[in-house]
Every structure is written in C-alpha cells, then in structure tokens.
Amino acid sequence: MYIKNKIEEVLPGIIKELFGKEIKSSTVLVQKTRREFEGDFTVVVFPFTKLLNKPPEVIGNQIGEALVKKLDEVDSFNVIKGFLNLTLKVEYWLNFFADHHSDVYFGYSEPLSEKPIVVEFSSPNTNKPLHLGHIRNNLLGDSISRILDANGYGVHRVNLVNDRGIHICKSMLAWLKWGDGATPETTGIKGDRLVGDYYVLFEKEYRRQVSELIEAGKTQEQAEADAKIMIEVRNMLKKWEGGDPEIIKIWRMMNNWVYNGFDITYNKLGISFDKTYYESETYLHGKKIVEEGLDKGVFFRKPDGSIWVDLSKEGLDDKLLLRSDGTSVYITQDLGTAQLRYDDFDPSQMIYVVGNEQNYHFDVLKKVLKKLAKPYCDALYHLSYGMVELPEGKMKSREGTIVDADDLMDLMEKTAEKITAELGKTEGMTENQKLVLYNKVGLGALKYFILKVDPKKNMVFNPNESIDFNGHTAPFILYTYARIHSVLRKAPKEKLLPQKNTIKASKIAVKEKELIKLLHDYPLMVKEAANEQNPSVIANYAYDLAKEFNQFYHEYSILNENDSEIIEFRIRLASFTGIVIRSALDLLGIDVVERM
RNA sequence: GGUUCCGUAGCUCAGCUGGAUAGAGCAACAGCCUUCUAAGCUGUGGGUCCCAGGUUCGAAUCCUGGCGGAAUCACCA
C-alpha cells in the first residue's frame, strides 16, 4: 500500500486515541510536501481545529509524535502553522528503489479479470483526408487505450468508418463529371487526397450554381435545394441505397482509394485498430432498435410517419429517430452500433472518443438507451475533447486553413532533420538510422504537443510558429533518455546488474532523493491518467521527471566519482529514470531514441 | 434566446477532491561547454488568476450574478 494512504488510514485512530474524538475520514488530507519546506508528506491539520478546539500547532505536534511512534516509515516531523510535515526514513526510499529499479513494468497493473473496455476513435468520413483535428482524436484514442491497458484492462480499439452518405456521393459525382478516369496510380496522388479534391470541386460548383440561382431571384434556401448538381447527387444517393451496381462499383473503388490513403496516414501516426466497422454495414441495425422502442411505447410516431422520442422529462426536446421516409439519421446509426458493440464484446465500458461539438448528441444517445433500459446504457462514455483551433479561430476548408495530417507529419520530420543537422548529431549514423531518428523526434514532438494538453480543453495550434523542439516538449524528454543511454553505454558492465543492496543512507544527496520520490509517484500517475481518461497527466509527469534528472545530471557526475558505491547507485538511478521515461512515453505512443 | 463548456504571465499551457509566497515552457535579457550528449543547466524581468458578491480559519479552485469567447439546440453527420 502507498505510504500516503497508510498515513491517511491511521490518522483517524490516532486522533481518537489522542483527543477522544471521531473525525470524518474525508477531512483527512495528506499531500506531498512542497519543495520549500522540509519533509516528504504533509498533513493539513486545519480541518481538525474546530472539532478539537486547540491551536493547529499543538494538534500538529501531538499527531506528529504519535505518527513517528506508530509508523516505522516516519522518521521525524516539523509543524509550520497548520501544516504537519513528515519526513520518512531514507531507508524507506532506498528500499523502494532497490525493489523496483530494474522493473520495466513498474507502474503497470496485473491484468484484471473484468470485462473489456471498447474504445472507439478516429471514425473518419471517407470524402476527405485526415487533418489536425483527426490527429488529436487518434492520439487521444491511442493513448487512452494504452493507459487502460497498462492498468490491466482488456482493451478493444475500434474504428467506425463513415463510408456512406451524401458526402461520398459528392466526390463520386464530381469524379464522374470531371475526373476523366483519374486514379491514384495515374495521377500519383494519394487516394484520400484525390477523393478529397473532387469533394472540393463539387462544393465549388455547387456554390457557383447556388449564387447563380440567387441572382436569378431565388432565396438562399430555394437555391440550395434546387441547384442542379445537388439534385443529381441526391439521385445518386438514392441509387446507392437501391443497390445500383454501377454506383456501388464506383463507390467501392473510390472508398478503397481512401482506405489505402488512410492506411498510410495511420501507419505513420503509429495507430492501429482491433476492429473496423463500416457504416454501410451497420447503418440498418438502428432501425430494429427504433422499432423495438416503438413496440414498448417508449417512442412515438407522428402522422407523417417519422418516429420520435420525447425527452422533455429528461430536460431535452423531442428528438427525431427515423425520417418520415423511413431512412435513418445519425442517431439511428449510433443506436445500432452501440448494440452491435455490446453484442460483439460484452464490455464493461464503451468509450467514444469524439469531439465536444457532439456533446448534445451523446447526451441524447445515453438518454434514449436509458429509456430503452438497455443493459449497457451506463457503460457508454463520451470522451469529449476540445477542438484544435488556429490563432484566428476554427480551421475552415473554404479558406484553405485546414492543416493536413500528412503535411504536418512531413513538416515535423523535416524540422527534426534540420535541427539535428544544425546541431551536428548525425555523425556515424547510417542513412536509415537518420530517417528513423527524424521520424521519432519529429513525430514525438507532434504527439507530445497535442497530448500534453488536457483533452477536454480547446487548444491552439499556430501554423506559422513551428512546434517547439526545446523546453516542455518531447525532444527534451527524448534527449534526456538519450543522455541516460549515453552514460549507460559507457558504464562498466558489471555495475549495470540489478542489486538489492544499494547504498548507505548517509550518502544520498537531496537531488537524488527528489528523483527517487518522483519515480515513486509514477504508478499513481498511471492510475490517475486512467481514472480521468487523461493522457496529459502522463505527459506532464514525464516532463517533470526529465527536468529533475537533467538537474541531477548537471550537478553530479555519474561515472566520475571516487566512491564506487555511489557510482553504482547513480548508474542504477539513471537507468531506472530511463525505464520510467520510456514507459511514460510509450503510454503516449512516443518511441524513444538512444542517440540524438 | 435555451443548454453546455471555457476565461491563469506578451504567447502556449500546468495548478488534483478548497490549503503554505499561483508554476512551467516559448519569447526577452544575463551567465555556464579542456569534465558522463549545451535539443542541456543557472539567473533576471513579467500576474487585478475576466469582474462583483457569497460560503470558509483559508478560494485560481466551490455557489450566485454579470462580462467576454466557443460549441450545440436540423427529417446534416
């Protein structure tokens, strides 16, 4: 058990013994002692003063004395105002260090015997290439999956590809009109981008026709409905739903171009899935559920035939579930896929990594499932993340401000290459090693930039300022790791072996103890990141750890020391730090490098 | 207009269920490489924590009301 929890647990008993009063366990607050003060953990005694009717200093001193007697780990204490600062015995830290310093799975939990968790993320439309917003989604989904996995959960990563609908028909129609048979092979253009280009062409022509009709005297609304190209594309969608072989053939072909393109992007991002659902295969499932709800009397039908749910008791409005023509809407599909997912995996939790623009949608989805008394209605969890914005606001395709995922990754690699060359770090590396290095550093920088921010907050990306490679960044942390490995390469082999007995307590420097204390926190961070579904906990921790190590590294020499006991200890301390850095970065999907 | 979320240094972000003098990075300035990787380390300047009330021994954090911004409220997805 954690020493912090141990202190929290014995505290009520101690107060009972000392003062004869019962305190609520919720008033017990033990936190890490701030750096400016002496101690390892701090008990805040203010909450007890009222009940015990004594000055905080008096209470603090009495509790401190009792804790020293009661807990072997506690060495001494001091009281400042209402804060009781406890110092643990150095042996406590050294024992911890001896037990874990060579454990590459330090911080991870044993596999749990619980039901698995399904994490849905990415979920792209097939009419456009992936952009920066998708990158945030993918990185979050990937990292959360890794974090849950490290906490012992069985994780299934699923992707739900929106491969049908009016949007893809727009690309198809434009390609038929103006494509002249162009393919990714004949043009050398990546498949998803090629399809996206035709989508843009469609929109351009559509807008031209709309403004023409408006000039001819129609209202905006009329013009949008009457534009010739829009009528054509609606016809195409109808043909698709009717199974027209020609249309289906083109649809298959163009979607495959897109998938080939996506595969390249996913690959480069280091993202993979256990299962991919396609809406073209799942979109009908929801209708059954709607009928089921109609039978149960949970939903109702309007005279025009459309089906609705009344959510006024839940504080929302009526919500359409099925169109009057019997076709499904967005939420119909999600009702279906939720059921499908439940049937496929019998999960304890279904996490949807979807932007916060869809908060309302998921609110409705949960409430509808609850009304239907679905067993999985409480298992559904919307991991709602904030938008990535530019300094001037949202990315807009019309203004050409969309930051393309492939372009951005390429730019990151190029920047990594440039900086590496400037610093002259490539000596003795093969071409292949260099490419791997640029990839890991550039992509690491990008991933860290995204993941260090609290998912639920909007964040700003400025395309005119390249993502930093100094300071609070992945390259900084990677550099620390490379430094550690540089030392380990030079260290005598026999000193690298794990050992139980480390070092005399009196030989430990403050910086070294601080490092051990930080390492000691890592398992807590791994748990917290899972509980809050927040990779930024890990990202910020990894930075703190690297920062602490660099200070230690600067102040002390690891290998050039007279006392061989100290050398051994420092080598192990560096190695342990390296293990934890690697582990933390792995939870973020970032690969380490041993040289940079 | 209703609902939800957000507002911390010039910029990008931390700040846990209320706890000690609000922290990092970038940018600016000043130092540190004959010593294990200077993508590093050290220092300086920079804050009405949007505003006003309230709860509390104690509020950036909780509550109420403003102001400012975002999202959403489609027979779009």
Side-chain angles (χ1 to χ4, degrees), chain A residues 26 29 31-34 36-37 42 44-47 49-50 56 80-83 85 123 125 162 165-167 279 302 304-308 315-317 319-331 333-334 355-361 363-364 384 386-387 389 391 393-394 416 419-420 422-423 425 441 445 449 452-454 456-462 465 467-480 482-491 524 528 531-532 536-537 539-540 543-544 546-547 550-551 553-561 570-571 574 595-596:
Chain A
S26 62
L29 181 64
Q31 52 196 197
K32 288 175 78 179
T33 303
R34 294 182 57 139
E36 316 85 276
F37 303 96
T42 295
V44 185
V45 300
F46 287 111
T49 52
K50 207 176 232 174
I80 300 169
K81 297 197 275 182
F83 299 94
N85 301 318
S123 308
N125 290 357
N162 186 4
I166 197 85
H167 53 274
E279 276 194 14
K302 284 193 178 174
D304 65 0
S306 57
I307 297 176
W308 297 73
L316 303 173
D317 285 336
K319 183 82 192 167
L320 176 85
L321 298 177
L322 209 60
R323 293 195 187 99
S324 49
D325 63 4
T327 59
S328 44
V329 288
Y330 183 43
I331 193 146
Q333 301 176 26
D334 265 354
N356 62 12
E357 56 200 350
Q358 293 191 32
N359 284 353
Y360 176 73
H361 169 75
D363 212 18
V364 171
S384 162
M387 301 288 100
E389 290 173 348
K394 253 183 126 169
I419 292 175
T420 308
E422 277 167 10
L423 295 170
K425 300 263 182 145
V441 173
F449 175 81
K452 78 171 180 186
V453 180
D454 187 336
K456 62 177 184 288
K457 292 194 175 174
N458 288 359
M459 61 179 295
V460 175
F461 170 80
N462 188 341
E465 299 169 12
I467 290 173
D468 266 313
F469 281 64
N470 295 315
H472 190 178
T473 65
F476 170 86
I477 302 168
L478 290 172
Y479 176 71
T480 309
R483 260 185 160 176
I484 288 170
H485 273 266
S486 175
V487 172
L488 295 183
R489 279 194 296 272
K490 288 177 180 142
L524 290 178
E528 190 185 327
N531 291 341
E532 296 181 16
S536 80
V537 170
N540 287 305
Y543 172 71
D544 290 340
K547 181 105 186 142
N550 276 324
Q551 289 169 359
Y553 179 92
H554 184 257
E555 203 168 324
Y556 300 93
S557 178
I558 294 168
L559 300 176
N560 307 314
E561 191 64 50
R570 287 188 183 156
I571 288 172
R595 276 192 59 190
M596 70 182 276

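Numbers restart at 1 for each chain; the letters A, B, ... are given by sequence-line order, proteins then strands.
Along RNA chain B, the nucleotide nearest Gln551(A) and the nucleotide nearest Asn162(A) are compared for position; the residue whose nucleotide lies closer to the 5' end is Gln551(A).
For the pair Tyr360(A) OH and C76(B) C1', the interatomic distance rounds to 14 Å; values are reported in whole Å. Distance Ile477(A) CD1 to G25(B) P: 13 Å, rounded to the nearest Å. Glu389(A) places its CD atom 9 Å from the C1' atom of A71(B), with the value rounded to the nearest Å. Spacing between atom CD1 of Ile331(A) and atom P of A74(B) amounts to 12 Å, rounded to whole angstrom units. Going from atom CG of Asn462(A) over to atom P of A27(B) covers 14 Å, rounded to whole Å. Note: CD1 (Ile80(A)) to P (G19(B)) measures 18 Å, nearest angstrom.
Applying the Watson-Crick and G-U wobble criteria (two distances, each under 3.5 Å), G47(B) pairs with nothing in any strand. Within the shown strands, G10(B) is the pairing partner of C26(B) under the Watson-Crick or G-U definition, both distances less than 3.5 Å. With a 3.5 Å ceiling on both atom-pair distances, the Watson-Crick or G-U wobble partner of G40(B) is C32(B). When both pairing distances are held under 3.5 Å, U3(B) makes a Watson-Crick or G-U pair with A71(B). Pairing partner, A52(B): U64(B), with both Watson-Crick or wobble hydrogen-bond distances short of 3.5 Å.
C13(B) and A9(B) have their P atoms separated by 12 Å, with the value rounded to a whole Å. Atom P of C5(B) sits at a distance of 27 Å from the matching atom of U48(B), rounded to the whole Å. Between the P atoms of C62(B) and A38(B), the separation comes to 43 Å (whole Å). The P atoms of C50(B) and G10(B) are separated by 13 Å, rounded to the nearest whole Å. Comparing C51(B) with U12(B), their C1' atoms sit 25 Å apart, to the nearest whole Å. Comparing C49(B) with G7(B), their P atoms sit 14 Å apart, to the nearest whole Å. Of the C1' atoms belonging to A28(B) and C33(B), the separation is 23 Å, rounded to the nearest Å. G18(B) and G43(B): their P atoms are spaced 33 Å apart (whole Å).
Residue contacts for Asn85(A): at a heavy-atom cut-off of 4.0 Å it reaches a base atom on one of the strands shown. In this structure, Thr42(A) reaches the bases: a heavy-atom distance under 4.0 Å links it to at least one base atom across the strands shown.
Side-chain N/O atoms of Gln358(A) include none lying less than 4.0 angstrom from OP1 or OP2 on A71(B). For Arg323(A) and A77(B), the shortest distance from a side-chain N or O to OP1 or OP2 is below 4.0 Å.
Using a 4.5 Å heavy-atom threshold, the side chains of Val45(A) and Phe83(A) count as separate. By the 4.5 Å heavy-atom criterion applied to side chains, Arg595(A) and His485(A) are not counted as neighbours. Taking the side chain as every heavy atom from C-beta outward, Ile571(A) and Leu559(A) approach each other to under 4.5 Å. Residues Ser306(A) and Leu320(A) have side chains in contact (heavy-atom distance under 4.5 Å, counting atoms from C-beta outward).
Residues forming a salt bridge (Lys or Arg N to Asp or Glu O under 4.0 Å) with Glu465(A) (at least two apart in sequence, or on another chain): none. Scored by the ring pair (Phe, Tyr, Trp, His ring centres under 6.0 Å) test, Tyr556(A) finds Phe552(A) as partners (sequence neighbours excluded). Taking Ala482(A) as the reference, Met596(A) meet the side chain to side chain contact (heavy atoms under 4.5 Å, CB included) condition, with sequence neighbours excluded. Judged as a salt bridge (Lys or Arg N to Asp or Glu O under 4.0 Å), and not counting sequence neighbours, Asp468(A) has no contacts. Phe476(A) pairs by the ring pair (Phe, Tyr, Trp, His ring centres under 6.0 Å) definition with Tyr543(A), not counting sequence neighbours. In this structure, Tyr479(A) has no ring pair (Phe, Tyr, Trp, His ring centres under 6.0 Å) partners at least two apart in sequence or on a different chain. Residues satisfying the salt bridge (Lys or Arg N to Asp or Glu O under 4.0 Å) test with Glu422(A), not counting sequence neighbours, are none. Not counting sequence neighbours, the partners of Lys456(A) by the side chain to side chain contact (heavy atoms under 4.5 Å, CB included) test are Asp454(A). In terms of the salt bridge (Lys or Arg N to Asp or Glu O under 4.0 Å) criterion, residue partners of Lys32(A) (sequence neighbours excluded) are, by chain and number, Asp521(A).
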Under 3.5 Å between N/O atoms: give me all the protein pairs with nucleotides 57-59 of chain B, atom names plus distance.
| unit_1 | atom_1 | unit_2 | atom_2 | d |
| --- | --- | --- | --- | --- |
| C57(B) | OP1 | Lys50(A) | NZ | 3.0 |

Sort me out a list of protein N/O and nucleotides 36-39 of chain B N/O pairs below 3.5 Å, or just none if empty.
| unit_1 | atom_1 | unit_2 | atom_2 | d |
| --- | --- | --- | --- | --- |
| C36(B) | O3' | Lys490(A) | NZ | 2.9 |
| C36(B) | O2 | Ile558(A) | N | 3.3 |
| C36(B) | O2 | Leu559(A) | N | 3.1 |
| C36(B) | N3 | Ile558(A) | N | 2.9 |
| C36(B) | N4 | Tyr553(A) | O | 2.6 |
| C36(B) | N4 | Tyr556(A) | O | 2.2 |
| U37(B) | OP1 | Ser486(A) | OG | 2.3 |
| U37(B) | OP2 | Ser486(A) | OG | 3.0 |
| U37(B) | OP2 | Lys490(A) | NZ | 2.6 |
| U37(B) | O2' | Tyr479(A) | OH | 2.2 |
| U37(B) | O2' | Arg483(A) | NE | 2.9 |
| U37(B) | O2 | Lys425(A) | NZ | 2.7 |
| U37(B) | O2 | Met596(A) | O | 3.3 |
| U37(B) | N3 | Met596(A) | O | 2.8 |
| U37(B) | O4 | Glu594(A) | O | 3.4 |
| U37(B) | O4 | Met596(A) | N | 3.2 |
| A38(B) | OP2 | Arg483(A) | NH2 | 2.5 |
| A39(B) | OP1 | Lys425(A) | NZ | 2.6 |
| A39(B) | O3' | Asn470(A) | OD1 | 3.2 |
| A39(B) | N6 | Thr420(A) | OG1 | 3.3 |

Subject >> side chain to side chain donor-acceptor pair (under 3.5 Å) between Glu279(A) and Tyr330(A), intermediate numbers included >> reply: CA-CA 10 Å; Glu279(A) 276 194 14; Tyr330(A) 183 43; over 6 Å; no
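Remark: ring of Phe37(A) overlaps the six-membered base ring of A20(B) in a stacked fashion, centroids less than 5.5 Å apart, planes less than 30° apart.
C33(B) takes the syn form, because its glycosidic angle lies no more than 90° either side of 0.
The listed nucleotides are U72(B), A20(B), C41(B); the one nearest the side chain of Lys547(A) is C41(B).
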Subject >> Under 4.0 Å protein heavy-atom contact, by nucleotide of nucleotides 5-17 of chain B - B base, S sugar-phosphate only >> reply: --S----SSS--B
